[in-house]
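Data first, discussion second: the structure below is written as structure tokens.
Note that this is a predicted model, so its numbers are computed, not measured.
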Amino acid sequence: MAYNFVEELKWRGMMHDIMPGTEEQLAEEVTAGYIGFDPTADSLHIGSLIPIIVLMHFQKAGHKPIALIGGATGMIGDPSGKSAERNLLDEETLAKNVAGVKGQLERFLDFNSDAENAAELVNNYDWMKEFSLIDFVRDIGKHLTVNYMMAKESVKKRITGEEGADGMSFTEFTYQLFQGYDFLHLYQNKNCKLQMGGSDQWGNITTGTELVRRKAQGKAYGMTCPLITKADGTKFGKSEGGNIWLDKNRTSAYKFYQYWLNSSDEDSENFIKKFTFLTKEEIETLIAEHNEAPHLRLLQKRLAEEVTVMVHSQEDLDNAVKASSILFGNSTASDLKSLDEQTFLDVFDGVPQAELSKDELTEGLDMIGALAAKTNFLGSNSDARRALKENAISVNKEKVKEDYKITEADLIANKYVLLQRGKKNYYLVNFV
RNA sequence: GGUGAGAUACUCAAGUGGCCAACGAGGGCGGACUGUAAAUCCGCUGACUAUGUCUUCGAAGGUUCGAAUCCUUCUCUCACCA
């Protein structure tokens, strides 16, 4: 095999823990391996990219990736890494989420190929729903002791009350048995011998391999990748606006692109290894070039490009780059006006808006009113006066003074006026 | 239950009769610089019909020409004693 899965993950820093014998197993034959995805929302966010990419590497290495959607386990809630009991999702939401997550996974893995190592998509609800409580308790529960389950870190933490934890329901305690059974089921029905996941999944994975050993006298393997962290300690995948989603409707391609572009130097070295498929040589060259001229931010740009194209499309990337140059470059009112309405709206997607009547423009709309009273862009008239005095206000990217009046001549696409306070605060007024 | 201390703006925290819309620090915002970064420097940070006016220092009353500041009652927080 030209491509060594384990070696590949190791140099990319994506290997946290691996069970002894896993490499030998992978070297020996085409192996099926799976990762579970929780349908906690109808879209995955960029935290789920790592497991997806691991599966893609897995397939590139000639093995068979299985993506498991936790339709059943999602109904229970994984206690790993949580200090409080989770809220349960109702069936309807869950069905919607499963469909959403499934659609996204199809972007990255080809589930319809005839190849020997074609990717496969399964939903554990399909085999869990028929399982009766009695059967489950007799067939599965019998093979593991409570002592074993209690010894897991995720359980121990909650029981001993560390970190303000407040106990754990039977429901969540059962979770690891469910996930363990998934592995057993896939082992028996799909000859799946490997489970992968984030390092917080180690406990659940070992429960699975243990179950395979005891119940099926088989040998199964596990591997985890480190959880993504950022150098400044803030949470990965979050911005002020919340999660960065893979769904364009939740996080626009522009914002998605920006998230990566704004990575720190330190993080971007790390991220480009993990989130792109560039070769080791390419990445080393990039890092070297970046260190030569850090202000050009080659790493961040390449990272943002690669990931945006992978998750969205080349077209989305082009638009995001264009939008970025309008927002952050030296664009002028005429640049703005040259945009067609759709692109303009895409660029300013998510920017707060207000609607005003076009009648306001006939006499010319004064700045104080435009900023505060009519739009609530700024909190008060005083605030508006201050901002104007500070030379902080722009109309259509051009600085204005307190005596400026907005007229028909300022309209973009005959409808919009772009207000701006400082560099980053935008506000769109829609004249109808 | 008793005694003592305290409550000030987004947070911490000065102010103990007029010079108080209230020192200072942090945060936030803006400007310069810069790499859409970090650091640094400077400015702003109650409202309004604005060289003035109004409301604000736990709540309600009172004293006074004038109260964040003094008095009374109440609410809450903390400390010590039961």
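- When heavy atoms are screened at a 4.0 angstrom cut-off, A:Lys399 is found touching the sugar-phosphate backbone but no base atom.
- When heavy atoms are screened at a 4.0 angstrom cut-off, A:Ser263 is found touching no nucleic acid atom at all.
- When the options A:Tyr34, A:Phe178, A:Tyr221 are evaluated for a ring-ring contact (aromatic ring centres under 6.0 Å, His included) with A:Phe183, the one that passes is A:Tyr34.
- Taking atom C1' in both B:U56 and B:A22, the straight-line distance is 10 Å, to the nearest Å.
- Look at the C1' atom in both B:U34 and B:A39: the space between them is 10 Å, to the nearest Å.
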Practice item. Mind running salt bridge (Lys or Arg N to Asp or Glu O under 4.0 Å) on A:Lys193 and A:Glu29 for me, showing each step along the way? Key: CA-CA 11 Å; A:Lys193 292 183 178 164; A:Glu29 58 175 344; 3.0 Å; yes
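- Residue A:Arg421 is classed as a sugar-phosphate contact, given heavy-atom separations below 4.0 Å to backbone atoms only.
- Across all strands, A:Arg386 comes closer than 4.0 Å only to sugar-phosphate atoms, never to a base (heavy-atom distances).
- Spacing of P atoms, B:G18 relative to B:C29, comes out at 37 Å, to the nearest Å.
- Note: A:Phe348 and A:Phe344 have tilted aromatic rings, judged against thresholds of 30 and 60 degrees for the angle between ring planes.
- Side-chain contact between A:Leu194 and A:Phe58: present, with at least one pair of heavy atoms (C-beta onward) separated by less than 4.5 Å.
- Closest-nucleotide positions on RNA chain B for A:Gly379 and A:Ser324 were compared, and the one nearer the 5' end corresponds to A:Ser324.
- Taking the 5' to 3' direction, RNA chain B first and last meets chain A under 4.0 angstrom from a heavy atom at B:C29 to B:A50.
- The same atom, C1', is picked in B:G26 and in B:U49; the two are 35 Å apart, to the nearest Å.
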Check your understanding: Hey, mind stepping through A:Arg12 and A:Glu8 against salt bridge (Lys or Arg N to Asp or Glu O under 4.0 Å) and telling me if it holds?
Key -> CA-CA 6 Å; A:Arg12 287 180 189 273; A:Glu8 187 72 18; 2.9 Å; yes
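- For A:Glu402, the salt bridge (charged side-chain N to carboxylate O under 4.0 Å, His left out) test picks out A:Arg385, with sequence neighbours left out.
- No donor-acceptor pair under 3.5 Å is formed between the side chain of A:Asp38 and the backbone N or O of A:Thr40.
- Nearest-nucleotide positions on RNA chain B for A:Ser382 and A:Glu390 put A:Glu390 closer to the 5' end.
- Nucleotides B:C19 and B:G30 place their C1' atoms 31 Å apart, quoted to the nearest Å.
- Atom name P, nucleotides B:A13 and B:C65: the rounded distance is 36 Å, in whole Å.
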